[in-house]
Amino acid sequence: MDNSHFFVTGDPMIYGADVSIILVSLAIIIYLTYFKKWGWLWREWITTVDHKKIGIMYLLSSLLMLFRGGVDAVLMRIQLAVPNSHFLASEHYNEIFTTHGTIMILFMAMPFMFALFNMVVPLQIGARDVAYPFLNAVSFWLFFLGAMLLNISFVIGGSPNAGWLSYAPLSENDFSPGPGQNFWIWGIQISGIGSLMTGINFVVTILKMRTPTMRLRDMPLFSWSVLASSIAILGVFPIFTATLAMLTIDRLLGGHFFTMTGGGNPMMWVNLIWMWGHPEVYIVVLPAFGVFSEIVATFSKKRIFGYASMVFSMIAISIVSYYTWVHHFFTMGAGANVNIVFAICTMIIAIPTGVKVFNWLFTMYRGRIRITQPMLWFMAFVPCFLVGGATGVMLAAAPADYQYHNSYFLIAHFHQVLIGGVVFGYLAGMYYWFPKIFGIKLNERLGKWAFWTWQIGFYVCFMPQYALGFMGMTRRMYTYNSTMGWDMGWAPLNMISTVGAFLMGIGFIFQVWQILYSIKHGERDVTGDAWDGRTLEWSIPSPPPVYNFAILPVVKGRDAWWYQKQEMQKGSYQKEAVKYEPIHMPNNSGIPFLMAVCFFIAGFGFTFEWWWMGIAGLIGVFITLFARSFQYNTDHFISVEEIERTENALRNHGSIHRTAN
């Protein structure tokens with residue numbers, strides 16, 4: 001490999017990124033040094049195994065990646081705003097196109113999802129921690145350093161340019177030489193290992209760590225959605241890992257899994273990548289469905305309608321999602337019989353999704369609805385996802401897909417579902433649980449500015465793209481001539497779409513402003529129950545103590561906290577005398593961070609085919625594993641005296657500690 005051009009040069013935007021990275025890094029170093037925060041950073045965050053702090057780090061990372069992926073999107077829309085644009089060269093456009101899709105799905109949606117997993121699930125099921133706290137920390141740091149490995153390709157080595165799914169043989173050495181595609185492989189591979197670990201962790205947490213009196217049929221729907229999503233992760237992420245490993249062998253060791261001249265088959269890549277890729281869509285959207293279920297019940301002041309059907313539909317989606325991947329290549333000649341089977345499966349999966357929408361609407365029917373920030377995002381989701389679902393069924397019909405498949409109609413559908421379902425859902429979850437994790441309510445006025453700017457921008461951006469698809473504009477097009485732009489009517493619609501992208505960017509800026517303003521000036525939640533909630537997380541102070549529950553809650557049915565509050569109001573609730581016991585908790589550890597650093601070194605070395613560095617990094621990984629296997633001081637007990645001090649301090653600071661026991 002030619003490594004003569006280690007640093008990316010020749011583009012003003014690259015130089016701007018270089019300067020920005022240097023200035024931000026210096027600012028962080030100066031701040032930590034001046035305020036003597038290095039020790040605090042290591043003790044409280046880098047070595048933490050507290051699921052709540054790990055959730056906060058996931059949240060910050062996902063918002064950072066939303067900014068990076070959003071900038072990529074705006075750059076692409078600027079390029080397409082007018083005919084014959086020279087804003088981006090074709091190669092640069094391909095790189096931005098590749099990193100945008102990769103970052104938004106794997107480094108924005110996935111960590112946002114894992115943020116909600118970590119911040120909410122143990123609190124909802126009455127647990128003091130996740131099943132594997134150490135593994136949870138490893139998962140985060142593998143994700144974070146995998147994301148950083150991909151992101152540095154912007155300024156070092158060069159970004160990948162074979163598309164966000166890197167179809168072979170385009171992603172092989174003959175067509176994508178250089179380190180860019182290797183950055184894509186190793187960044188995703190390292191991060192994907194962390195995602196698989198998280199799936200394992202939360203399946204075990206939900207099945208084995210619930211408070212002893214909580215039955216599965218009493219579990220909140222968000223926790224059910226996490227279980228369904230984690231089951232899908234366990235099924236498809238090993239496929240993804242193996243697929244990336246095969247491409248690595250092709251690129252670094254001269255293998256021929258996907259090269260026809262060596263006896264391989266590029267169609268195997270397409271099958272394998274979509275065997276992961278389409279279930280991945282349901283992996284990220286299922287938790288959003290769980291978020292909406294909690295929000296609708298809370299702000300309608302009603303028990304969720306059709307609980308059993310909601311649970312069944314989530315599990316059905318996670319299973320049927322395994323049998324839909326071929327609809328991504330109906331046009332590739334698999335045959336009518338194959339297309340029919342996968343068309344039917346794709347249409348069937350719309351049924352449990354529709355069940356959910358009707359159940360949410362029936363829950364709202366005759367409810368005492370409060371229009372709060374989380375509820376606004378749910379109300380925006382419903383029409384948006386209905387359009388996305390309807391266009392998805394259109395694409396599921398194989399004959400029609402021959403017309404739609406390579407057009408901007410598909411781009412509009414994909415973003416309608418992923419933004420309208422996933423992003424709206426996770427933003428709703430952030431607004432809903434922000435007071436619980438941080439003890440602060442986000443500013444309503446700025447939140448509404450952000451909401452309406454997002455909504456208007458979304459429809460202005462993506463509705464024209466349906467029309468562009470019908471008018472013949474194809475995907476992956478980086479420019480178009482004046483004839484197409486003006487005679488065929490593409491230019492006005494592309495300009496409108498670009499304006500919409502900028503409006504969504506302004507909406508994101510409002511959200512960042514809202515968070516920063518609220519941290520300094522926002523309303524503090526002193527009740528622990530900011531929304532008059534129904535589930536167990538609202539029964540403890542905000543923010544929760546490190547051990548979550550001083551006394552494990554006793555659950556007598558669904559919506560345990562809501563019905564306990566009703567009993568309190570009626571005077572029929574019999575509270576037992578509080579008797580604290582020592583609480584077993586894990587110790588912090590620096591090994592997860594060091595292990596991820598070693599993975600990063602290995603990935604960076606193999607990216608440039610510096611075998612000495614790659615092997616040294618893997619040796620470092622094994623050393624950290626070896627060190628962990630001989631680490632015996634891994635946990636401690638919180639004494640009764642410390643628990644009493646913590647509980648008294650929480651009461652004295654205004655939090656009403658109402659443990660369901």
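We use all heavy atoms of the structure for the numbers below, so side chains are in, but hydrogens, waters and symmetry mates are not.
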Novice: Find out whether Phe143 and Ile190 are in side-chain contact, i.e. whether some heavy atom of one side chain is under 4.5 Å from a heavy atom of the other.
Specialist: no
Novice: Answer yes when Asp529 and Lys565 have at least one side-chain N-carboxylate O distance shorter than 4.0 Å, and no when they do not.
Specialist: yes
Novice: Please report the interatomic distance CD1(Ile188) to CD1(Ile193), rounded to the nearest 0.5 Å.
Specialist: 12.5 Å
Novice: Looking at side-chain heavy atoms only, is the closest gap between Val284 and Leu418 below 4.5 Å?
Specialist: yes
Novice: Tell me whether Glu523 contacts the main-chain N or O of Ile440 through its side chain, where contact means a donor paired with an acceptor under 3.5 Å.
Specialist: no
Novice: Is a donor on one side and an acceptor on the other found under 3.5 Å between the side chain of Thr211 and the backbone of Pro553?
Specialist: yes
Novice: Side chain of Lys52, backbone of Val546: donor and acceptor closer than 3.5 Å?
Specialist: yes
Novice: Do Ile233 and Met113 have side chains that get closer than 4.5 Å, going by heavy atoms?
Specialist: yes
Novice: Is any side-chain heavy atom of Phe222 closer than 4.5 Å to a side-chain heavy atom of Ser293?
Specialist: no
Novice: Identify the two heavy atoms, one from Ala560 and one from Val555, that lie closest to each other, and give their separation to 0.1 Å.
Specialist: CB-CG1, 3.9 Å
Novice: I want to know whether Phe508 and Trp513 have ring centres closer than 6.0 Å.
Specialist: no
Novice: Under 4.0 Å between a Lys/Arg side-chain N and an Asp/Glu carboxylate O for Asp532 and Arg370?
Specialist: no
Novice: Looking only at heavy atoms, what is the nearest atom pair of Leu625 and Met595, with distance?
Specialist: CD2-CE, 3.6 Å
Novice: Look at the aromatic rings of Phe240 and Phe237 and report parallel, tilted or perpendicular, splitting at 30° and 60°.
Specialist: perpendicular
Novice: Using the six-membered ring wherever Trp is involved, compare the ring planes of Trp377 and Trp454 and label them parallel, tilted or perpendicular (cut-offs 30° and 60°).
Specialist: perpendicular
Novice: Taking the ring centre of each residue, are Trp325 and His278 less than 6.0 Å apart?
Specialist: no
Novice: What class does the angle between the rings of His100 and His415 fall in, given that below 30° is parallel, 30 to 60° is tilted and above 60° is perpendicular?
Specialist: parallel
Novice: Please answer whether the main-chain N or O of Gln514 pairs with a side-chain N or O of Asn443 as donor and acceptor at a distance below 3.5 Å.
Specialist: no
Novice: Closest heavy-atom contact between Ile519 and Arg524?
Specialist: O-NH2, 2.7 Å
Novice: Does the side chain of Thr634 come under 3.5 Å of the side chain of Asn587 through a donor N or O and an acceptor N or O?
Specialist: no
Novice: Just by distance, with hydrogens left out, do Asn136 and Thr198 show a side-chain donor and acceptor under 3.5 Å apart?
Specialist: no
Novice: For atom NZ of Lys448, is the number of surrounding heavy atoms from other residues, nucleotides or ligands below 6.0 Å larger than 12?
Specialist: no
Novice: Find out whether Trp186 and Leu244 are in side-chain contact, i.e. whether some heavy atom of one side chain is under 4.5 Å from a heavy atom of the other.
Specialist: no
Novice: Between Phe114 and Phe140, is the ring centroid distance below 6.0 Å?
Specialist: no
Novice: So which heavy atom on Pro545 is nearest to which on Thr646, and how close?
Specialist: CB-CG2, 4.2 Å
Novice: Which heavy atom of Ile349 sits nearest to which heavy atom of Tyr282, and what is that distance?
Specialist: CG2-OH, 3.2 Å
Novice: With side chains defined as the heavy atoms from C-beta onward, is the minimum distance between Arg43 and Asn588 less than 4.5 Å?
Specialist: no
Novice: Would you say the ring centers of Trp433 and Phe438 fall short of 6.0 Å from each other?
Specialist: no
Novice: So does Gly439 get a backbone contact from the side chain of Ser542, meaning a donor-acceptor N/O pair under 3.5 Å?
Specialist: no
Novice: Is the distance between the ring centroids of Phe600 and Phe593 under 6.0 Å?
Specialist: no
Novice: Within the structure provided, determine whether Cys384 and Phe458 are in side-chain contact (heavy-atom separation under 4.5 Å).
Specialist: yes
Novice: What about the rings of Phe112 and Tyr58, do their centers lie closer together than 6.0 Å?
Specialist: no
Novice: If you define the side chain from C-beta out and look only at heavy atoms, does anything of Phe202 sit under 4.5 Å from Tyr132?
Specialist: no
